[in-house]
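Below is one structure, written out as structure tokens; comments come after it.
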Amino acid sequence: MKVYNHKKIEKYWQDKWESDGLYTPDVKNSKKPFYNLWMFPYPSGEGLHAGHAFASTGSDIYGRFQKMNGMDVFQPFGYDSFGIHAENYAIKINENPREVIKRTTKNYERQMRSLGHGYDWSRTVTTSDPDYYKWTQWLFLKMWERGLAYKKKAAVNFCPSCKTVLADEQVMTPKAAGKDPKDKNGKVLKNSDDLKVCERCGTVVEKKNLNQWFFKITDYADRLLSGLEKIDWSERVSIAQRNWIGKSKGMIIKFESEMGELEVFTTRPDTLNAVTFLATSKLYKEGEIIKEKIGKFSGKHVTDPLTGRKIPIWDTNYVAPGYGTGIIMGVPTHDERDMEFATKYGIDIVKKDPDKKLWDTIEKKKWGKKHTNFHLRDWLVSRQRYWGAPIPMINCPKCGWVPVAEADLPVKLPEIKDYKPEGTGKGPLANHEEFYKVKCPKCGGGAERETDVMDTFVDSSWYFLRYPSVGAESSKSKAFDPAITKNMLPVDLYFGGAEHSVLHLMYARFVNMVMYDLGLLDHPAQGGPASGWDEPFPKFFAHGLMIKDGAKMSKSRGNVVNPDKYVEKYGADTLRLYLMFMGPMDGYPDFRDSGIEGMDRFLRRVWKIFTGNRDIHIKPNQVDSPKVLSKLHQTIQKVTKDIQEFKYNTAIASLMELVNVLYKEGKFTNTTKEVLVKLIAPFAPHMAEEIWQEVLDQSDSIHIQTWPKWKEEYLKEREAIIIVQVNGKFRGQFVVDAKESTDQKKMVSIAKRDKKVAKWLKGAKPKKEIFIAGKLVNFVV
RNA sequence: GUCGGAGUGGCGGAAUGGUAGACGCGAAGGCCUUAAGAGCCUUUGUCAUUAUAUGGCGUGGAGGUUCGAAUCCUCUCUCCGACACCA
């Protein structure tokens, strides 16, 4: 028997696949393109961990399955290498981010290659390359052109440790961030859901009034919401997006007061008849957690439009200034919070049933008008940091903000030594005159560049558009080639973590919609089919998260599992199989060393089927025993369906069952062996290839063979097991020829003859007989 | 607080109205071997008993629907996730 040497064999096939261009499809002319995308990672210093391998393998299996189903699978890989995460790491080890990225991406590539994924290594993307960020800057210019980019002073989240502003979406509870909360001096605080911390470092954020660049994502709120209906996404992710957009239909009602008109947003105009006070956000303190509602009578009143009564205005701490109009109508009888407040301060409580007609009345009498409010805020994209794409805008004292000409892109990020953030409200580039002192492109006078850089999420908001065009001639003059894009996009399957539910996935959809509106995608205005798409990810699967010892893997916890050691010891195939077998793809499997041995054992058993061994007695005169034949077809069906539903764990289990049957029966054909190796190919690509080409002596790669099809006629076993129940309790079973098993009369009479069953029937005539063809007889007595 | 998801052997997990625990890990026994390892073959939810068998119990808990419920319904407990005084 040949010994399977995974170290040599895996490397051999990885190199061969690449030199044969097996995973490099013709993106321009492909007739059956399948864009299989896994969210690109940011290259961290620790390298790839088992959680990455878990997710990427899940994506790879699906891609390989599609390939065997005749699709031209395009599966790219790249690096989200710009931004705060990469930069923070570089600062920590006191190196320039540029140098760190060179090293970490190289390490990622080595690790990724070792897992044997079907990536197209000729088309990778690194967001910190000028080649790439030139187009990120171009994207900014497009936003500006469309009036979707603007700068304004706003109260924004500021991380005192990262010394930069953050988007709303990057601020979360310590638990959600997976970090221990810290104050601005780095002192660890008691963990509490009441704290709002920086996603990256866990430091409690502050609010600062700063002049910042925003993208007007709110213009797209309704489309981002309605678009969710037409895409096939994991339910929990759609729900998270829906909540984040937070559409509320209501009215803005005007109240007359001594100080003029006050506007109030409410979703319940039908409760206007029970309003007893107005509450403002005057005492609200940003960032402070409200433990108790506090209020102070303002001394002022408004007039209730309905009754003409004077009702008091209270300044309170429980109304958020950023939502609606920042003033609410207090309706104690229909809102628990208002009730609590009214009770505490002895404010009137009026009991009146809600009146639907009020919607009309208010509008007719012009007391107010219908208004839809969103939770979604504009996307804050500027960062006072070094490691990002410079914002391509120039501020001229005469002309105001002027965009950099497209021909002058990229605005290169200069190599500087003092790249650490200072927290002055300006980025490190603001210390470099040679960078920011420029001439105004419009009037030629002295002007200054913007010195902030863009948020990482801008980089990652369009990378999927770039991938297929990488290497194309046109990629030098365009962000993405129109013909290639038309052929390859939208993404057929997007595979990624649920933690990106509201961040990346919302931004990417938004940017894609803007590109669509610009006519840059497959848009009717371009002469393309009317099937223009503005959703980039019609199908998205949210995979779970691998944990270790009950917690998310993180360097600070010291529970990061490096896949290298398992690839070294067992090989990539065994590791892949193990990662997939641990549980369902959308679950939270806990990595353990025990268990991987079982996968190693399984693969060795598979190997022995093909290379012969005294452990398996393959009988001569090869035919498939009936048992083998039905099991084989059941397995084809099960594996096919399970892969389609990302239930890889049960797919692998059924492959094991098949192998167990083959060992037991020892009677099967070469055709059966070929089917087995094809079914295993997506999970264990190296061994499958070795068996296919070296043992079975086939000339083409197994990964471009046709996926096996099951035949209905073989699915059924020749014999059927009929279960006999008395009053729904299992009392016996018998085996009959499958053909007879649907004959109710016959089955009932056999069942009655069963000794054990007869005992339970006690000779009495059953009240009722229930018969499920081919499965079960149940007597009710 | 609101919205989601989940609770099944020693462990990871199967089963979405029809034999609960597939498959794997772990454990026990046997074969092989000078030996060890590997491999192969059994057994493995739990309790009772007259023990290769028979029966009871058993999917967080309590009810219900049904001939039949892990699965459907009602209430309840616990854990996890998202959002959060969103008006």
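Lettering of chains follows the sequences in order, A, B, ..., and the numbering in each one begins at 1.
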Quiz prompt | Set of salt bridge (charged side-chain N to carboxylate O under 4.0 Å, His left out) partners for A:Lys369, sequence neighbours left out | solution =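 A:Lys369 satisfies salt bridge (charged side-chain N to carboxylate O under 4.0 Å, His left out) with no residue once adjacent residues are dropped.
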
Quiz item: Syn or anti for B:rG21, with syn set at within 90° of 0?
Solution: anti

Quiz item: 5'-most contact on RNA chain B: A:Glu336 or A:Thr650, nearest heavy atom basis?
Solution: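 Taking each residue's closest nucleotide, the earlier one in sequence belongs to A:Glu336.
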
Residue-phosphate contact under 4.0 Å: [X] side-chain N/O, [N] OP1/OP2:
X	N	result
A:Arg605	B:rC40	yes
A:Lys664	B:rU42	yes
A:Tyr588	B:rC80	no
A:Asn660	B:rG24	yes
A:Asn649	B:rA14	yes
A:Arg604	B:rG39	yes

With the criterion being N/O to N/O and under 3.5 Å, what pairs connect the protein with nucleotides 53-57 of chain B, and how long is each?
residue: B:rG55; atom: OP1; partner: A:Trp760; partner atom: NE1; Å: 3.2
residue: B:rG56; atom: OP1; partner: A:Arg731; partner atom: NH2; Å: 3.3
residue: B:rG56; atom: OP2; partner: A:Arg731; partner atom: NH1; Å: 3.4

Quiz prompt | Whole-angstrom distance between B:rC11 and B:rU44, as gauged at atom C1' | solution = 14 Å

Quiz item: For the rings on A:Phe668 and A:Tyr663, is their centre-to-centre separation under 6.0 Å?
Solution: no

Quiz prompt | Output field: ring centroids A:Phe771/A:Phe779 closer than 6.0 Å | solution =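 A:Phe771 vs A:Phe779: aromatic centres not under 6.0 Å.
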
Quiz item: Checking all strands, does A:Gln725 fall into the base, sugar-phosphate, or nothing category for heavy-atom contacts under 4.0 angstrom?
Solution: base

Quiz prompt | Residues which pass ring-ring contact (aromatic ring centres under 6.0 Å, His included) with A:Phe297, listed by chain and number, not counting sequence neighbours | solution = A:His301, A:Trp314

